Amino acid sequence: MTTQAQAQSYFPAADVALHDDGVRVESYWRDDTEVRLSVIPPGARVPDRPHGQAQVGMVVQGRLSATVGEVTRVMEPERHVCVAPPGVGFSAVNPTESEAVLLELRRNKPGESYPAPSGYFLEAFESRKFVGMDVTFFVADWIEFMIADIPGGGEMPYHRHSHEQIGICLEGRYDMTVEESSHELRFGGTYFCASQEGHGAVNPHADVARSVNIFIPPRYHRVPGQKAKKDGKQTSERENR
């Protein structure tokens, strides 16, 4: 039976902070990993991270001008992922007249390494159908993002695997189960699955539910994201047989 403490580790409540410049941050923690959703007003900057953390970010609404190391890119919603290893600077500003929302994963786990891709920024690695969902992957050496659309009435069947998995609802709503604990997730709602913790998702509604699911290490593409796309597809096909 799932205890209340276990359920809270699967579906943690958000810690909310409002900064002087109007940036609102929702923070979700499990152990050494933090998921943050920052709502960034026009002209405002993303709060800094502790020096020892790795940081992976994706804009989910609006636009940001982001700099990792000495590389600057305009990040469009769900089109780019930036990877900043520990010790490499990250900054971002909202140059537009509308709010932007940045999704970040911050992590510092003993024994892990966090290499960055060449140029620090990733574009989509592969898009395809997967168990009835439209999915898009962004892949680095140590982490993989999968954006997934669960159609109305669709599901991700209950399963378990050796990879850590973290998910965040981006649009709509769906029912997420981890072990024996189930929650309805809406925008920003976050779940954490450790290795071999069973999980599955169901969308009982008519509208599509959209989420980003993060795998550490990569689950579907066991190659660095900067390698040839063809190699990644071949690896994916072997693993899904």
Side-chain angles (χ1 to χ4, degrees), residues 8-9 11-109 114 116-117 119-124 136 138 140 142-143 145 147 166-173 183 185-192 210-214 216:
Q8 289 175 345
S9 70
F11 300 99
D15 294 326
V16 180
L18 183 62
H19 295 255
D20 291 341
D21 58 359
V23 175
R24 184 179 187 274
V25 178
E26 294 184 2
S27 176
Y28 303 85
W29 280 92
R30 184 174 180 181
D31 300 328
D32 303 295
T33 302
E34 179 189 15
V35 169
R36 296 165 64 97
L37 275 173
S38 298
V39 181
I40 305 157
R45 293 185 173 275
V46 176
D48 292 335
R49 78 189 195 277
H51 187 72
Q53 288 184 328
Q55 179 180 19
V56 185
M58 181 177 70
V59 172
V60 296
Q61 291 180 15
R63 286 189 300 142
L64 289 176
S65 176
T67 300
V68 183
E70 298 180 354
V71 181
T72 299
R73 291 278 298 270
V74 174
M75 297 182 68
E76 304 280 353
E78 301 177 15
R79 291 186 59 188
H80 311 97
V81 169
C82 64
V83 182
V88 174
F90 170 85
S91 62
V93 63
N94 180 355
T96 74
E97 297 181 357
S98 302
E99 282 186 340
V101 180
L102 176 67
L103 167 67
E104 298 172 81
L105 181 140
R106 298 182 177 189
R107 184 175 173 99
N108 184 10
K109 190 170 183 177
Y114 307 107
Y120 299 116
F121 289 86
L122 300 171
E123 297 190 3
T136 297
F138 297 81
W142 64 274
I143 192 167
F145 276 42
I147 299 173
I166 301 161
I168 304 95
C169 181
L170 300 180
E171 182 181 330
R173 51 194 173 124
H183 281 247
L185 297 184
R186 302 188 180 211
F187 180 78
T190 298
Y191 71 86
F192 290 82
R210 191 172 183 84
S211 66
V212 59
N213 303 275
I214 302 168
I216 305 172

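In this text, all values refer to a predicted model and were calculated from it rather than measured experimentally. Numbers for residues simply follow the sequence, beginning at 1.
Rounded to the nearest 0.5 Å, atoms CZ (F11) and CZ (R30) are 10.5 Å apart. Taking CD of Q61 as the start and CD of E76 as the end, the distance is 13.5 Å to the nearest 0.5 Å. Rounded to the nearest 0.5 angstrom, S27 OG and R106 CZ are separated by 8.5 Å.
Pairs engaging residues 52-65 under the salt bridge (Lys or Arg N to Asp or Glu O under 4.0 Å) rule: none recorded [sequence neighbours left out].
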Output, in order, the C-alpha distance, side-chain angles, deciding distance and verdict of side-chain contact (heavy atoms from CB on, under 4.5 Å) for M75 and C82. CA-CA 9 Å; M75 297 182 68; C82 64; 4.1 Å; yes
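Under the side chain to side chain contact (heavy atoms under 4.5 Å, CB included) criterion, V88 pairs with V68, P85, Y120, not counting sequence neighbours. Remark: T33 pairs with L105, R107, I166, F192 by the side chain to side chain contact (heavy atoms under 4.5 Å, CB included) rule, at least two apart or across chains. P41 is linked by a side chain to side chain contact (heavy atoms under 4.5 Å, CB included) to V23, A44, counting only residues two or more places apart in sequence or in another chain. The ring-ring contact (aromatic ring centres under 6.0 Å, His included) check on H19 picks up nothing, with sequence neighbours excluded. Under the side chain to side chain contact (heavy atoms under 4.5 Å, CB included) criterion, V39 pairs with R24, E99, V101, sequence neighbours left out.
With hydrogens and angles disregarded, no donor-acceptor distance shorter than 3.5 Å links the side chain of S38 to the backbone of I40.
Of all heavy-atom pairs spanning P95 and L64, the tightest one is CD-CA, 4.1 Å. The minimum heavy-atom distance linking A84 with F90 is given by the pair CB-CB, 4.3 Å. When all heavy atoms of T190 and L185 are compared, the closest pair comes out as N-CD2, 4.2 Å. Scanning both residues, N94 and A100, for their nearest heavy atoms gives ND2-N, 3.5 Å. Contact record, A66 with F121: O-CZ, 3.7 Å, taken as the closest heavy-atom pair. Residues W142 and A54 approach most closely at CZ2-CB, 4.1 Å, considering heavy atoms.
Screening I216, V83, L103 for a side chain to side chain contact (heavy atoms under 4.5 Å, CB included) with V56, the sole residue that qualifies is V83.
H80 places a side-chain heavy atom less than 4.5 Å from the side chain of E123. Here the side chains of Y191 and V35 are not in contact, with every heavy-atom distance at 4.5 Å or above. Using a 4.5 Å heavy-atom cutoff, the side chains of Q53 and E104 are not in contact. Residues I147 and F138 have side chains in contact (heavy-atom distance under 4.5 Å, counting atoms from C-beta outward).
Within 6.0 Å of atom CZ in R73, more than 12 heavy atoms from other residues, nucleotides or ligands are found, so the atom counts as buried in its surroundings.
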